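For reference, the structure discussed in these notes is given below.
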Protein chains: 2
Amino acid sequence: MTESNQQESPTLHPLYQQVRRMLVDRLASGDWSPGELLPSETALAQLYGVSQGTIRKALDTMAAERLVVRHQGRGTEVAKHDSERSLFQFWHLYGEDGTRQIPSSKVLKCTRTTARAGEARLLKIKRGAPVIRIGRCRYINDQPLIIEWITLPAERFPGIENYGKDLPNTLYSLYQKHYRVTIQTAVEKLRAVTADRRDAEPLGIKAGAPLLEIERVALDLEDEPVELRMSRCDTQSLHYRNVLD
Amino acid sequence: MTESNQQESPTLHPLYQQVRRMLVDRLASGDWSPGELLPSETALAQLYGVSQGTIRKALDTMAAERLVVRHQGRGTEVAKHDSERSLFQFWHLYGEDGTRQIPSSKVLKCTRTTARAGEARLLKIKRGAPVIRIGRCRYINDQPLIIEWITLPAERFPGIENYGKDLPNTLYSLYQKHYRVTIQTAVEKLRAVTADRRDAEPLGIKAGAPLLEIERVALDLEDEPVELRMSRCDTQSLHYRNVLD
DNA sequence: AAGTGGTCTAGACCACAGC
DNA sequence: CTGTGGTCTAGACCACTTT
């Protein structure tokens with residue numbers, strides 16, 4: 001290997017990308033659990049028959065993608081959905097003072113049903129396929145500010161409807177721990193809409209008030225859509241913050 | 001240097017970060033212009049008395065920050081605000097079909113005045129300091145969809161008010177070419193608001209319709225705020241897209 | 001003390017751009 | 001052909017965490 005190491009596989013030329021691909025596949029298949037430490041760089045180098053520098057580059061790219069977290073002196077940890085990550089990667093709503101506050105949730109509804117056409121398209125499942133639909137109202141400082149409708153493909157989350165109103169607040173940790181589904185990326189579409197009566201009542205506002213609508217499609221490690229989330233937010237005392245860089 | 005290279009300066013320990021700092025400073029001071037090629041890695045290595053690998057790491061981090069664009073075989077180019085970059089980094093509004101369309105602009109107003117309290121705070125200038133205030137209406141497919149109010153500190157953009165209604169569509173290129181101001185980052189705050197009469201008339205909608213309000217503070221290479229932009233968007237046929245990853 | 005990732009170096013070859 | 005950045009390797013030392 002020290003003398004002939006160019007493109008052993010013709011598919012994905014650079015070695016470090018091939019290694020990355022193999023490691024990501026093993027992550028997705030659950031060979032290591034979130035929070036666990038991967039083998040050390042030297043061990044992986046031996047395992048895959050490449051130099052430590054190549055392993056390092058693969059792991060560095062994976063760290064940039066937040067698939068793993070590197071700790072000097074400890075090792076390389078499989079990223080897990082602690083509250084920290086949910087907060088920093090997936091929560092963009094801030095209070096007037098600029099602080100990010102964790103909302104509490106009340107589950108309004110949690111039932112098994114079938115996918116509507118729009119849901120099916122976004123989740124890449126068949127129209128009419130079984131889905132779980134969850135409705136939540138989310139509170140900040142005891143004020144109801146967000147109405148949220150979540151659609152999950154039932155196939156990926158068997159039995160999740162049995163949680164009913166006892167669904168935990170941080171769903172992504174639940175997905176990861178109990179269903180081996182890691183949310184890796186999400187795409188959001190934002191619009192300004194008008195509150196209808198169904199929004200207005202739980203939020204304690206007038207129908208016709210402006211709301212920020214957020215449609216989120218969340219993707220797993222394989223970039224497959226696994227959750228659809230429609231939120232409507234009262235932005236009188238909240239705003240959505242985005243950093244462009 | 002080949003034998004004693006640990007922390008020659010006690011301020012910023014890793015060598016590659018020190019090199020990065022020096023290069024960024026030279027970029028900010030205009031030693032190289034946007035679009036120019038930097039000296040090659042080997043030349044920089046000699047210049048700073050470090051190995052090529054260290055220069056490479058510095059340049060790679062700068063490429064990740066979009067300060068610089070690397071071209072295999074050509075060299076390392078100072079990033080410039082072509083339409084591409086403006087589009088991909090700073091334009092988040094998409095049409096219903098998911099395509100990103102370049103809006104045209106009509107300047108409604110372009111005058112020199114003084115900073116209001118809120119503007120002064122966001123731009124980190126004194127209240128009452130001279131500013132340029134620009135009002136634009138932006139069109140997509142000849143439809144007016146966005147009303148935009150821009151505030152610039154007059155000190156950084158001397159004489160820009162003389163452009164009047166002939167201001168170009170892509171302001172960031174103008175900032176960079178004529179005022180040596182490179183927009184590097186921006187922070188946006190989004191809210192849903194209600195159209196007032198001043199919004200409704202140019203947009204051709206009813207007062208009271210929901211609009212997406214975007215407040216953007218744009219920062220230069222030194223992370224100093226240099227532009228404040230308040231946009232109000234009709235999101236009936238547009239949405240704001242954000243990728244969380 | 002032992003093991004981990006972080007930094008730095010030096011040298012090799014490859015892929016690509018431009019003359 | 002020359003020069004550029006891109007990949008890969010090997011080996012050194014440092015900083016940190018854990019035992």
Side-chain angles (χ1 to χ4, degrees), chain A residues 1-23 27 32 35-79, chain B residues 1-23 27 32 35-79:
Chain A
M1 171 55 67
T2 17
E3 296 194 347
S4 73
N5 43 25
Q6 295 79 284
Q7 76 231 32
E8 305 209 332
S9 144
T11 52
L12 207 52
H13 301 110
L15 255 188
Y16 74 91
Q17 286 183 23
Q18 298 179 40
V19 171
R20 177 194 164 281
R21 183 69 265 164
M22 292 190 276
L23 289 172
L27 281 189
W32 300 289
E36 260 188 89
L37 292 180
L38 293 184
S40 72
E41 293 184 349
T42 51
L44 289 171
Q46 284 210 319
L47 183 58
Y48 290 108
V50 299
S51 83
Q52 190 195 352
T54 299
I55 295 292
R56 174 179 295 276
K57 186 150 185 178
L59 291 176
D60 281 348
T61 63
M62 290 169 70
E65 300 170 279
R66 308 204 211 205
L67 291 167
V68 297
V69 182
R70 313 266 257 142
H71 299 282
Q72 181 172 158
R74 234 162 50 84
T76 301
E77 181 192 349
V78 181
Chain B
M1 173 52 72
T2 17
E3 295 192 348
S4 73
N5 44 24
Q6 297 76 288
Q7 76 232 31
E8 305 209 329
S9 144
T11 52
L12 206 53
H13 301 110
L15 256 188
Y16 74 91
Q17 285 183 25
Q18 298 179 40
V19 171
R20 177 195 164 280
R21 183 69 266 164
M22 291 190 277
L23 289 173
L27 281 189
W32 300 290
E36 260 189 88
L37 293 180
L38 293 184
S40 72
E41 294 183 350
T42 51
L44 289 172
Q46 284 210 320
L47 183 58
Y48 290 107
V50 299
S51 81
Q52 191 194 353
T54 300
I55 294 291
R56 176 179 294 275
K57 186 150 185 179
L59 291 176
D60 281 347
T61 64
M62 290 168 70
E65 299 169 280
R66 308 202 212 205
L67 291 168
V68 114
V69 182
R70 313 268 258 144
H71 298 284
Q72 181 173 157
R74 235 164 47 86
T76 301
E77 182 192 346
V78 181

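In the text below, chain A, chain B and the rest are named by the order of the sequence lines, each starting its count at 1. Computed from a predicted model, the values in this text were never measured in an experiment.
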Practice task
Starting at atom CG of L44(B), determine the distance to atom C1' of dG3(D), rounded to an integer number of angstrom.
Solution key: 14 Å

Handout entry: Interatomic distance where CD belongs to Q52(B) and P belongs to dT7(C) [whole Å]
Key = 18 Å

Problem - Identified side-chain contact (heavy atoms from CB on, under 4.5 Å) partner of V19(B) from the options T61(B), L47(B), I55(B) - result: I55(B)

Handout entry: Name of the residue among E65(A), R70(A), R20(A) meeting side-chain contact (heavy atoms from CB on, under 4.5 Å) with D60(A)
Key =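 Filter result, single survivor: R70(A).
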
Nearest to the side chain of [X], heavy atoms from C-beta on, is which of [options]?
{"X": "V50(A)", "options": "dT9(C), dT7(C), dT9(D)", "answer": "dT9(D)"}
{"X": "T42(A)", "options": "dT4(C), dT7(D), dG6(D)", "answer": "dT4(C)"}
{"X": "P14(B)", "options": "dG6(C), dC8(C), dG6(D)", "answer": "dC8(C)"}
{"X": "L15(B)", "options": "dC8(C), dT7(D), dG5(C)", "answer": "dC8(C)"}
{"X": "R56(B)", "options": "dC8(D), dG6(C), dT7(D)", "answer": "dT7(D)"}

Practice task
Using only heavy-atom distances, decide whether a donor-acceptor pair under 3.5 angstrom links the side-chain of R74(B) to the base of dG5(D).
Solution key: no

Practice task
Select from Q72(A) and S51(A) the residue whose nearest nucleotide in DNA chain D is closer to the 5' end of that strand.
Solution key: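 The answer here is S51(A).
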
Practice task
Please figure out whether L38(B) or Y16(A) has its closest DNA chain D nucleotide nearer the 5' end.
Solution key: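 Closer to the 5' end of DNA chain D: L38(B).
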
[X] side chain near [N] phosphate (N/O to OP1/OP2, under 4.0 Å):
{"X": "K57(B)", "N": "dC8(C)", "answer": "no"}
{"X": "T76(B)", "N": "dG5(D)", "answer": "yes"}
{"X": "R70(B)", "N": "dG6(D)", "answer": "yes"}
{"X": "S40(B)", "N": "dG3(D)", "answer": "no"}

Practice task
Output yes when a side-chain donor or acceptor of Q18(A) lies under 3.5 Å from a complementary backbone atom of H13(A), and no otherwise.
Solution key: yes

Handout entry: Working for side-chain contact (heavy atoms from CB on, under 4.5 Å), residues L44(A) and L23(A)
Key = CA-CA 10 Å; L44(A) 289 171; L23(A) 289 172; 4.2 Å; yes

Exercise for the section: Please say whether more than 12 non-hydrogen atoms of neighbouring residues, nucleotides or ligands are located less than 6.0 Å from CD in Q46(B). Expected result: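 Counting other residues, nucleotides and ligands, CD of Q46(B) stays at 12 neighbours or fewer.
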
